[in-house]
J.: 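Below you'll find the structure I mean.
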Amino acid sequence: MAEQAIEPLLSELRNVVEQADPIPGHVVAAAKAAFSWRTIDAELAELAADSMLSGAGTRAADAARLLTFQAGAVEIEVEVADTGATRRLTGQLVPPSAAAVSVRWADGSLDAQADDLGRFTVEAVPAGTVRIAITRPDDSRTVVTSWVSI
Amino acid sequence: MGPSTHIGKGHVVPERGTAELLAAAATGESAAWDALVERYARLVWAIARGFALSAADAADVSQTTWLRLVEHLDKVRDPDHLGGWLATTARHECLRILRRSGREVVGVDADFDRETGEPTPESVVLTNERDRLLWLSLGEISQRCQVLLRALATVPPPSYQDISAALGMPIGSIGPTRARCLDHLKQRFDAHAGASPEATSGGA
């Protein structure tokens, strides 16, 4: 791609932005620290659907948000309810089974148990970027979801 | 000019390409990861701020974007397009936050070209009057232009492919849009500068 000569205005803008709104050091530090979350032995359940990003025109802000994660044949459905500063996660494992559930974020986690029907609830999850780890009793490999901002 | 500088035998100061850094990070080399962050963190930040997200929301977008990359390190199909991948991920996160806050009306695109007409809320101390007016003007042009110009003003300058991903816009229309956005910025700036003769002196 042949780059045109940078217009003087753009280079001026570059200066101004660097002064007025530089990337904060803590944002860079957090991006670097994200590397420590690298997991090698867990299976990733990708975010397959997010009601917040589909259904244009719906008043998404008022409704509970529904997330669906998929890893192979395993599906994790999670409803996210706003409870002020925190969130309540209500989940369903498909196919249903009991499992140890752990909601994780940068500096903490909350544990819960999915019942035999694969249902779980985790209260008071801090708003922010989180992921959920699922370990079924018969399964050696933990499934972790993609990171989502809730 | 080669991609790496050799300083004697066994001493290499590598200017490693993105593909190489990605591969190294995927094997667990944190220095390679840090280099990727240094290279692209500003672009992610610029996109989020271009969408007029608050500093806290922009930090959230950045965090989610980089965590997503960590989990996809060995799955990025085209390492040369990593900037585009990060830009797309960041844009989606921005749209989600805008939607949650009810700021998105019908679809971002419908609202995208409307001039915001509002200065950036943060009060910034820019001592140079010309700089201050340019910053003020930037906050008044359309959201699309703000994202585009913020991304273009990033150091190191992103490729058109990255910009295309940041805006969800075909590569072919970036050139013309860029010219149009700079023109809008100039118009706003001139309007302000006309009312403030001090700003016209001491220009670039």
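Residue numbers start from 1 in every chain, and the chains themselves are labelled A, B, ... in the order their sequence lines are given, proteins ahead of strands. Predicted, not measured: the structure shown is a model, and the values here were computed from it.
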J.: Are B:E71 and A:S146 linked by a side-chain donor-acceptor pair shorter than 3.5 Å?
T.: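 Per modelled atom types, B:E71 and A:S146 side chains form a pair under 3.5 Å.
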
J.: Check whether B:A31 gets within reach of chain A through its side chain, its backbone, both or neither, counting any heavy atom under 4.5 Å.
T.: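 Neither part.
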
J.: Using heavy-atom distances under 4.5 Å, tell me whether B:T154 contacts chain A through its side chain, its backbone, both, or neither.
T.: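 For B:T154, the contact with chain A is made by the backbone alone.
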
J.: Distance-only, no hydrogens or angles: does the B:W66 side chain make a donor-acceptor pair with backbone N or O of A:K32 under 3.5 Å?
T.: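 Not a single qualifying donor-acceptor pair exists.
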
J.: For A:V17 and B:W135, work out which heavy atoms get closest and say how close.
T.: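 Nearest heavy atoms, A:V17 then B:W135: CG2-CZ3, 4.0 Å.
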
J.: So, the side chain of A:R14 versus the backbone of B:R150: is there a donor-acceptor pair under 3.5 Å, distance only?
T.: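 Not a single qualifying donor-acceptor pair exists.
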
J.: Start with the C-alpha distance between A:L10 and B:L185, add both sets of side-chain angles, then the distance that settles side-chain contact (heavy atoms from CB on, under 4.5 Å), and finish with yes or no.
T.: CA-CA 10 Å; A:L10 189 57; B:L185 181 66; over 6 Å; no

J.: Can you tell me if B:R42 uses its side chain to pair, donor with acceptor, with the backbone of A:I23 under 3.5 Å?
T.: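 No, because the side chain of B:R42 does not come within donor-acceptor range (under 3.5 Å) of the backbone of A:I23.
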
J.: Can you confirm whether A:D50 sits close enough to B:H92 that some side-chain heavy atom of one is under 4.5 Å from a side-chain heavy atom of the other?
T.: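 Result no, sub-4.5 Å side-chain heavy-atom pair not found.
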
J.: Without swapping roles, check the side chain of B:W33 against the backbone of A:S36 for a donor-acceptor pair under 3.5 Å.
T.: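 Not a single qualifying donor-acceptor pair exists.
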
J.: Which atoms of A:L13 are under 4.5 Å from chain B, going by heavy atoms: the side chain, the backbone, both sets, or neither?
T.: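 Answer is both: backbone and side chain atoms of A:L13 are under 4.5 Å from chain B.
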
J.: Starting from the C-alpha separation in whole Å, work towards a yes-or-no answer on side-chain contact (heavy atoms from CB on, under 4.5 Å) for B:R132 and A:Q19.
T.: CA-CA 10 Å; B:R132 192 184 70 80; A:Q19 286 179 68; over 6 Å; no

J.: Which answer fits B:L73, side chain, backbone, both or neither, if we ask what part of it has an atom under 4.5 Å from a heavy atom of chain A?
T.: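 Interface part for B:L73: side chain.
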
J.: Could you look at B:S30 and say if it's the side chain, the backbone, both or neither that has a heavy atom under 4.5 Å from chain A?
T.: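 Contact with chain A: backbone and side chain both.
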
J.: Side chain, backbone, both or neither: which part of B:A46 has an atom under 4.5 Å from a heavy atom of chain A?
T.: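 Neither; nothing under 4.5 Å.
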
J.: Against chain B, label A:V148 side chain, backbone, both or neither, depending on which of its atoms sit under 4.5 Å from a heavy atom there.
T.: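 Interface part for A:V148: both.
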
J.: State, with a plain yes or no, whether a side-chain heavy atom of B:L134 is found less than 4.5 Å away from one of A:L9.
T.: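 Side chain of B:L134 against side chain of A:L9, heavy atoms only: contact under 4.5 Å found.
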
J.: Between B:Q63 and A:A31, what is the shortest heavy-atom contact and its length?
T.: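 The pair with the smallest heavy-atom distance is OE1-N, 4.2 Å.
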
J.: If I measure from the heavy atoms of chain A, does B:V155 come under 4.5 Å with its side chain, its backbone, both, or neither?
T.: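 The side chain, not the backbone.
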
J.: Between A:A34 and B:V70, what is the shortest heavy-atom contact and its length?
T.: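 The pair with the smallest heavy-atom distance is O-CG2, 3.4 Å.
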
